[in-house]
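The structure appears below as structure tokens.
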Amino acid sequence: MGATADSTTATVELSYRSTGPATAPTVVLLGSLGSDRSMWDPQVAALTADHEVVAVDLRGHGRSPIGTGDPTIADLAGDVLALLDRLGRDAVHLVGLSLGGAVAQWIAAHAPARVRTLTLLCTAAKFGTTQSWLDRAAAVRADGTGSIADAVVGRWFTAGLAERDPGLIARSRAMVEATTDEGYAACCGALAQFDSRPDLARITAPTLVIAGAQDPATTPDDMRRLADSIANSVLHVLDPAAHLASVEQAGPVTALLTGHIAGQGERTAAFDQGMRVRRAVLGDAHVDRAVAGTTDFTAPFQDFITRTAWGDVWSRPGLDQHTRRLLTLAVLTAVGNTHELDMHIRAALRAGVAPDELAEVFLHTAVYAGVPNSNLAFGLGKAALAEGLLADGAPTGDAAPEPTDAPPAGSSSAEETSRP
């Protein structure tokens, strides 16, 4: 996917560290302004046993290059999507804190198919005022990140933790100072323009929202407004915790994150099973077209139909797949659902269902559901057979009865649409 439609600068190849089994569910961690991927070390250590964990340095942070121009949050999101493309990861569990949370919001709203679950920590839909970010960018360009390091770290941790662990404060200050001046300033500019409030209703991924009770940068009220605007979200406020709650409350954050991801494991398994059955019944070509035609608007329905119709009902052991095919054909004939009926007739013929069996289904349906609808079904079947839609070696059977009326114009093209 790479660069997004809203990109204003070229995509940057991000630095990252991947740990854990490559075959396990992938968790992607996006960090705070002024941090590098080491801020996620507590979570990486705990998640690696059962997940592939990809900790990312955002543009201009850690070991990632700065890029050129004035990036937007959409540009930073494009960098992350390009990384996922390079890694061959279609959908991931996405976790973002602060700046990383802004990037994660953008991806979840604009590329929902790439996000299995979303976790937002100490972030906001709108960060402060535009001018405050422009002022901070100007200060860093003039005097360097070292000039603001103490103030930044002062917002990252509560006073109590800072007093108990001066080593943590020193390491965190060094992390901020190590961030390039232009990388930090450019991301300030991106945050100055960021406002996801109009797009939060587009987020469909199950979402965990975590706030720090003492966070002065993104307050619990900011996080509550975020959670209230995202469907299927849950808010947790951790106390004590300031802006880097993932460090100050590493244990609770990791437990919440692990539970959130695990809670979606059953949903993911149903989707994967549904996709296998869907391909077996309808064929790879049809499913590939449907997936390729998925939009932000239709993605929730594609997820729903794959998990429920195919991953649940079609996967139940009480009836074999062949019997379910015939039942589906009978029901679609009875209700006169032309497009779905045409699609399932063609899929059945390609899978080796004999034309004689189709004829018996349509005859039986004529008796109990009416001749006109069965007449339509015979017409659709005849058109499919005329196109040679038979599995190799499948018996042709006797010729289907001649329908008294032709199928509606255009009905045979239903297979080309993004039907489920």
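In this chain, numbering begins with 1 at the start of the sequence shown. Predicted, not measured: the structure shown is a model, and the values here were computed from it.
- In this model, no donor atom of one side chain and acceptor atom of the other lie less than 3.5 Å apart for H344 and T328.
- Scanning for side-chain contact (heavy atoms from CB on, under 4.5 Å) contacts around A299 gives P112, T294, with sequence neighbours left out.
- Atom CG in L256 sits 6.0 Å away from atom CG in L238 (nearest 0.5 Å).
- Judged as a side chain to side chain donor-acceptor pair (under 3.5 Å), and not counting sequence neighbours, the contacts of T219 are D222.
- In E13, the CD atom is not crowded: 12 or fewer heavy atoms of neighbouring residues, nucleotides or ligands sit closer than 6.0 Å.
- For residues 205-216, the set of pairs meeting the side chain to side chain donor-acceptor pair (under 3.5 Å) definition, not counting sequence neighbours, comprises Q214-D239, D215-T218, D215-H243.
- For Q131, the CD atom sits in a packed shell: over 12 heavy atoms of surrounding residues, nucleotides or ligands are nearer than 6.0 Å.
- Contacts of T323 classified as side-chain contact (heavy atoms from CB on, under 4.5 Å), with partners at least two apart in sequence or in another chain: L319, D320, L327.
- Judged as a side-chain contact (heavy atoms from CB on, under 4.5 Å), and not counting sequence neighbours, A113 has no contacts.
- Side-chain atoms of R276 and Q273 include a donor-acceptor pair closer than 3.5 Å.
- Under the 3.5 Å distance criterion, the side-chain polar atoms of Q249 are matched with a main-chain donor or acceptor of P240.
- For the salt bridge (Lys or Arg N to Asp or Glu O under 4.0 Å) condition, no pair includes a residue of residues 91-108, sequence neighbours left out.
- For S229 (side chain) and R225 (main-chain N/O), a donor-acceptor pair under 3.5 Å exists by modelled atom type.
- Defined by atom type and a distance below 3.5 Å, a donor-acceptor pair is missing between the side-chain atoms of T145 and E177.
- Listed for the E248 side chain is a donor-acceptor partner under 3.5 Å among the backbone atoms of T158.
- Applying the side chain to side chain donor-acceptor pair (under 3.5 Å) criterion to D303, with sequence neighbours excluded, gives R267, R307.
- The residues R17 and D57 are annotated as not salt-bridged, no charged nitrogen and carboxylate oxygen being separated by less than 4.0 angstrom.
- Side-chain N/O atoms of Y184 and R136 include a donor and acceptor closer than 3.5 Å.
- Within the structure, side chain to side chain donor-acceptor pair (under 3.5 Å) contacts touching residues 38-47 (residues at least two apart or in different chains) are D36-S38, Q43-T254.
- D199 has a carboxylate O that lies under 4.0 Å from a charged side-chain N of R202, or vice versa, which qualifies the two as a salt bridge.
- Side-chain contact check for R37 and S15: at least one donor-acceptor pair (N or O, by modelled atom type) lies under 3.5 Å.
- The two residues L99 and H61 have their closest heavy-atom pair at CD2-CE1, 4.3 Å.
- Judged as a side chain to side chain donor-acceptor pair (under 3.5 Å), and not counting sequence neighbours, R171 has no contacts.
- For W314, the ring-ring contact (aromatic ring centres under 6.0 Å, His included) test picks out W310, with sequence neighbours left out.
- When the side chain to side chain donor-acceptor pair (under 3.5 Å) test is applied to D195, the partners found at least two apart in sequence or on another chain are R197.
- Counting non-hydrogen atoms of neighbouring residues, nucleotides and ligands closer than 6.0 angstrom, the CZ atom of R63 reaches no more than 12 such neighbours.
- In this structure, the side-chain contact (heavy atoms from CB on, under 4.5 Å) partners of T48, at least two apart in sequence or on a different chain, are T19, V44, V53.
- Under the 3.5 Å distance criterion, with hydrogens and angles disregarded, a donor-acceptor pair is assigned to the side chains of T72 and D75.
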